[in-house]
Protein chains: 2
Amino acid sequence: MFETAGTTRDADETADSTHGCESCGVRARAICCSLDGAALAELHRLGRRVHVRRGQTLLWESDESVLVGNVLEGMFKLSTMTSDGREQIVGIVFPSDFIGRPFGRDSQQTVTALTDASICVFRRGAFDGFAEEHPGIQQALLRRTLDELDRARRWMLLLGRMTATERVASLLVEMADRLGGASGREIMLPLSRQQMGDLLGLAIETVSRAMTRFKDAGVIALPGGRRLAVRDRAGLRRLASA
Amino acid sequence: MFETAGTTRDADETADSTHGCESCGVRARAICCSLDGAALAELHRLGRRVHVRRGQTLLWESDESVLVGNVLEGMFKLSTMTSDGREQIVGIVFPSDFIGRPFGRDSQQTVTALTDASICVFRRGAFDGFAEEHPGIQQALLRRTLDELDRARRWMLLLGRMTATERVASLLVEMADRLGGASGREIMLPLSRQQMGDLLGLAIETVSRAMTRFKDAGVIALPGGRRLAVRDRAGLRRLASA
DNA sequence: CGCAGTGTTGACCGATCTCAATCCCGGTGG
DNA sequence: CCACCGGGATTGAGATCGGTCAACACTGCG
């Protein structure tokens with residue numbers, strides 16, 4: 001579900017192209033790492049850097065896919081909704097990850113910033129054209145998409161077959177792995193309880209109850225708000241089973 | 001979830017290469033459609049045609065991904081399991097679809113034939129090497145994988161947020177669209193009730209109950225066994241909501 | 001200090017699961 | 001032609017997990 005750890009900084013809504021790709025923080029990890037100088041310069045001319053605020057939506061489900069891009073800083077959620085408004089988060093996007101649906105088609109998900117964020121965006125048509133000319137980009141995208149598909153399918157097991165306890169524990173383990181580093185260290189959850197519920201297919205209260213049970217069992221600590229520290233990683237992993 | 005309609009014929013377990021790609025039934029739709037004569041001949045030399053029986057497993061979850069291929073005839077399921085044996089079907093594979101995980105990595109799913117089937121298989125290493133040399137293949141794979149990812153994510157909405165009724169109705173609608181053609185026509189479900197449950201994240205009894213409710217409501221007919229006729233497609237679609 | 005938004009807790013309800021009995025269809029053998 | 005058999009499918013009864021509704025607590029901020 002999660003791809004790469006990343007940090008968030010202040011952001012504003014201006015667009016600029018003042019920085020070259022050389023200074024780009026995700027240069028080595030994003031799909032552009034497959035490009036050499038000339039091609040990179042060409043791609044650079046097609047893109048611009050955009051800052052978005054937490055909560056802002058970049059693409060709407062079933063609208064035409066007008067833009068694609070790389071995440072530079074911050075995190076996004078991908079979500080879909082039923083016609084009556086039930087929401088399911090289908091992916092979390094981290095810095096260096098790719099956003100949007102290249103090659104025709106409507107966007108199948110809504111893309112919303114979970115934190116203030118900055119991205120390097122391209123008009124979809126222009127990007128498609130560039131990709132046609134540059135197999136390296138398609139190759140990089142392919143590998144990324146295959147990984148993403150594996151992750152989505154693993155999540156289907158969670159949604160279809162796991163209990164609430166297992167789901168919440170799985171999420172916390174993944175969070176800790178991604179954001180936390182050493183055990184015992186405190187991390188800041190990037191998701192509200194509601195968003196955790198939307199990701200896990202659970203009601204907000206069920207998420208909350210599971211977490212207090214884990215806290216009472218001494219497996220985690222919740223110093224308040226979105227702060228989390230994993231006390232017993234093995235125990236938590238056991239609760240996640242899978 | 002489903003990609004292409006297909007038929008099933010008798011099959012045996014022998015492998016052969018007697019037929020050229022020209023006569024291949026999925027030539028126009030599989031990823032090899034991106035190849036010209038010479039490259040196609042080269043790929044043909046790497047592959048062989050294999051027949052498998054219903055129930056036979058090609059790849060096991062978390063084993064090394066040793067082979068990939070194109071489905072010629074028949075259908076497969078992709079599935080994952082929890083450590084204690086709960087199963088989730090994460091995809092159904094139809095003729096002309098691609099099977100397996102190219103580019104390193106373990107297979108993340110078990111691939112099992114739902115019907116007698118035949119496929120055109122390659123050793124994964126050999127296929128990877130070929131793909132490196134032929135961007136067209138990677139491009140075709142990319143488009144396919146993007147579609148598959150969209151489908152997987154749509155299914156996540158079903159698993160995470162839909163009721164049992166909606167799930168079963170959604171599946172039947174999709175089945176009818178894929179296999180049925182005209183409304184009222186009878187189709188043969190490729191899945192047992194158990195497999196429908198494993199795909200929908202439901203207990204077998206829940207699937208069965210939903211179907212009899214649909215039958216009693218006159219929306220579908222169940223002439224017995226795996227046979228199904230959709231009587232009121234609009235009504236069924238309404239039950240599927242989404 | 002109070003307000004608003006978020007998170008927690010409790011009580012209750014209902015959808016879905018589980019367990020178990022029965023049914024039905026297709027195939028087999030007498 | 002029919003009785004029997006086996007496996008999948010259906011049906012029923014009861015248990016349970018998670019959802020819903022509602023009250024309350026906490027946190028951060030003006």
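In what follows, every chain begins at residue 1, and chains take the letters A, B, ... in the order their sequences are listed.
- Residues A:Ala203 and B:Arg226 each lie close to DNA chain D; by heavy-atom proximity, the contact nearer the 5' end of the strand is made by B:Arg226.
- Here the side chain of B:Ser241 pairs no donor or acceptor atom with the backbone of B:Arg238 at under 3.5 angstrom.
- Counting any heavy atom pair closer than 4.0 Å across all strands shown, A:Gly197 reaches no nucleic acid atom.
- The distance between atom CG of B:Leu202 and atom C1' of C:dC17, rounded to the nearest whole Å, is 10 Å.
- Rounded to an integer number of Å, the gap from A:Glu205 CD to D:dC24 P is 16 Å.
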>> As a quick check of understanding, evaluate salt bridge (Lys or Arg N to Asp or Glu O under 4.0 Å) for A:Arg54 and A:Asp116, giving each step before the final call.
In response: CA-CA 4 Å; A:Arg54 162 199 277 222; A:Asp116 291 345; 5.8 Å; no
> Can A:Arg144 and A:Asp97 be said to form a salt bridge (Lys or Arg N to Asp or Glu O under 4.0 Å), step by step?
Replying inline: CA-CA 8 Å; A:Arg144 208 168 263 279; A:Asp97 288 345; 3.2 Å; yes
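- For A:Gln195 and C:dT6, the CD to P distance is 10 Å, given to the nearest whole Å.
- Atom CE of B:Met211 is separated from atom C1' of D:dA9 by 10 Å (rounded to the nearest Å).
- Contact annotation: A:Thr212 reaches the phosphate of C:dT9 (side-chain N/O to OP1 or OP2, under 4.0 Å).
- Side-chain N/O atoms of B:Arg193 include one lying less than 4.0 angstrom from OP1 or OP2 on D:dT10.
- A sub-4.0 Å separation between OP1 or OP2 of D:dT11 and a side-chain N or O of B:Ser208 is absent.
- Atom-to-atom, CE of A:Met188 to P of C:dT6 comes out at 14 Å; the value is rounded to the nearest Å.
- The main-chain N or O of B:Ser62 is never found under 3.5 Å from a side-chain atom of B:Gln108 such that the two would form a donor-acceptor pair.
- Residues A:Glu166 and B:Arg86 are paired through a salt bridge, judged by an N-O separation under 4.0 Å between the basic side chain and the carboxylate.
- B:Asp198 places its CG atom 13 Å from the P atom of D:dG8, with the value rounded to the nearest Å.
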So which protein nitrogen or oxygen atoms get under 3.5 Å of nucleotides 25-30 of chain D's nitrogens or oxygens?
none

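- Here A:Thr206 does not reach the OP1 or OP2 of D:dG18: none of its side-chain N or O atoms lies under 4.0 Å away.
- The backbone N or O of B:Pro223 lies less than 3.5 Å from a partner atom in the side chain of B:Arg227, making a donor-acceptor pair.
- The separation between B:Arg209 atom CZ and C:dA21 atom C1' is 13 Å, rounded to whole Å.
- To the nearest angstrom, P of C:dT9 lies 14 Å from CZ of A:Phe214.
- Under 3.5 Å, the side chains of A:Glu73 and A:Ser118 contain a donor-acceptor pair of N or O atoms.
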